[in-house]
Amino acid sequence: YIFIGTNYDLYSPVEERKEYDICFVGLATPKRIEYLTKVAEYCEKNDKKFFCSGHFWHNSNFWNRFWGEIKFKKKNPILAKYVHNIFVTPEKLAQIYKNSKICLNINVEQHKGFNPRNFDIMCVGSLLLTDRQDLNGIELKPNEDFIMCNDSKEMTNSIKYYLENSEERKSIAENGQKKIINDYLFENTLNSLFI
């Protein structure tokens, strides 16, 4: 089994601005909403900038957009303050990751393996914070190259810790970035398959 790796090294984010404390981009699932609600509550209490984007309600026409947003806001009032219900292109996503101090990746309920988006996040040099994922076949280490949490409470505690300890956050992010660039680029995958 070979991981696809990332091609985010091909994108050149204009500059690193770190305008967001935390970001998440992905589809809404019950597990993700549970985690993201805890993160949103933390951000609201501590005045942190949280960019949260993805498909949280249907928006294929006016009525889907209108009623979907109302229902989501009623059910998730705090999280809704941070959600941008939009699709983000890979190039723009690379810039969002680059501009975030901490990038969250939360697997959907049925997936247990190391999410391919993790490689994209680490490639741009931001700290990856994930839920518990299976690391079989991966030469990356939690707490050295990225941070892995057991539940939403541990995730919010880790966010607080790494926002307060910027040197440690940057050091772990740099370790992860070096390993991704050395071993997990898409060109590495192609070389493994064809050479």
Side-chain angles (χ1 to χ4, degrees), residues 6 16-54 56 72-73 75-84 88 93 96-136 138-180 184:
T6 183
E16 183 178 295
R17 292 188 304 270
K18 297 300 183 198
E19 61 186 291
Y20 308 115
D21 294 302
I22 309 151
C23 81
F24 171 84
V25 177
L27 297 172
T29 67
K31 176 185 169 188
R32 286 175 170 173
I33 288 175
E34 180 224 324
Y35 275 71
L36 296 172
T37 297
K38 296 292 185 197
V39 172
E41 289 167 355
Y42 165 80
C43 290
E44 185 176 60
K45 285 178 189 168
N46 296 281
D47 196 30
K48 300 298 180 188
K49 292 186 178 180
F50 179 27
F51 181 90
C52 185
S53 177
F56 285 78
F72 187 84
K73 284 181 175 179
K75 196 171 181 182
N76 307 283
I78 296 173
L79 179 57
K81 295 174 186 178
Y82 299 96
V83 168
H84 303 271
V88 180
L93 185 52
I96 291 166
Y97 287 159
K98 187 80 170 171
N99 289 349
S100 302
K101 295 173 185 173
I102 297 173
C103 300
L104 307 179
N105 196 297
I106 305 159
N107 265 349
V108 296
E109 292 82 345
Q110 63 270 29
H111 295 162
K112 305 296 180 215
F114 199 69
N115 191 311
R117 190 168 281 182
N118 293 335
F119 299 115
D120 302 339
I121 292 169
M122 287 191 285
C123 185
V124 300
S126 293
L127 180 66
L128 167 66
L129 218 157
T130 74
D131 60 334
R132 177 71 45 196
Q133 298 183 12
D134 183 351
L135 299 179
N136 280 326
I138 297 286
E139 299 297 324
L140 299 169
K141 296 180 182 170
N143 304 320
E144 288 182 27
D145 307 314
F146 70 101
I147 305 301
M148 190 160 52
C149 304
N150 291 308
D151 55 35
S152 58
K153 183 176 181 184
E154 189 177 339
M155 184 169 278
T156 53
N157 289 340
S158 294
I159 288 168
K160 181 179 187 300
Y161 178 83
Y162 287 105
L163 287 177
E164 291 173 356
N165 295 277
S166 59
E167 291 308 312
E168 191 174 349
R169 182 186 74 238
K170 289 173 188 174
S171 175
I172 294 170
E174 286 171 10
N175 288 345
Q177 184 181 38
K178 285 176 193 167
K179 286 190 180 177
I180 296 304
Y184 293 102

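All values below come from the heavy atoms of this structure, side chains included, with hydrogens, waters and symmetry mates left out.
Sorted by first and then second residue, the ring pair (Phe, Tyr, Trp, His ring centres under 6.0 Å) pairs with a member in residues 143-165 read Phe114-Phe146; sequence neighbours excluded.
Val124 and Lys98 make their closest contact through O-NZ, 3.0 Å (heavy atoms, listed as atom of the first residue, atom of the second, distance). When all heavy atoms are compared, the tightest approach of Ile33 to Ala28 is CD1-CB, 3.9 Å.
Under the side-chain hydrogen bond (donor to acceptor under 3.5 Å, both in side chains) rule, Asn105 has a single partner from Thr130, Asp131, Asn115, which is Asn115.
Residue Lys73 places its NZ atom among 12 or fewer non-hydrogen atoms of other residues, nucleotides or ligands, all under 6.0 Å distant. No more than 12 heavy atoms of other residues, nucleotides or ligands sit less than 6.0 Å from atom CD of Glu139.
Between Phe56 and Phe72, the ring-plane angle classifies as perpendicular under the 30° and 60° cut-offs.
Contact check for Asn46 versus Lys160: no side-chain heavy atoms found under the 4.5 Å cut-off. Between Leu140 and Met122, some side-chain heavy-atom pair lies under the 4.5 Å cut-off.
Side-chain atoms of Arg169 never come within 3.5 Å of backbone atoms of Ile102 as a donor-acceptor pair (strictly under, hydrogens ignored). The closest donor-acceptor contact from the side chain of Asn99 to the backbone of Arg17 lies under 3.5 Å.
In this model, no donor atom of one side chain and acceptor atom of the other lie less than 3.5 Å apart for Lys49 and Ser100.
For Lys75, the side chain to side chain donor-acceptor pair (under 3.5 Å) test picks out no residue, with sequence neighbours left out.
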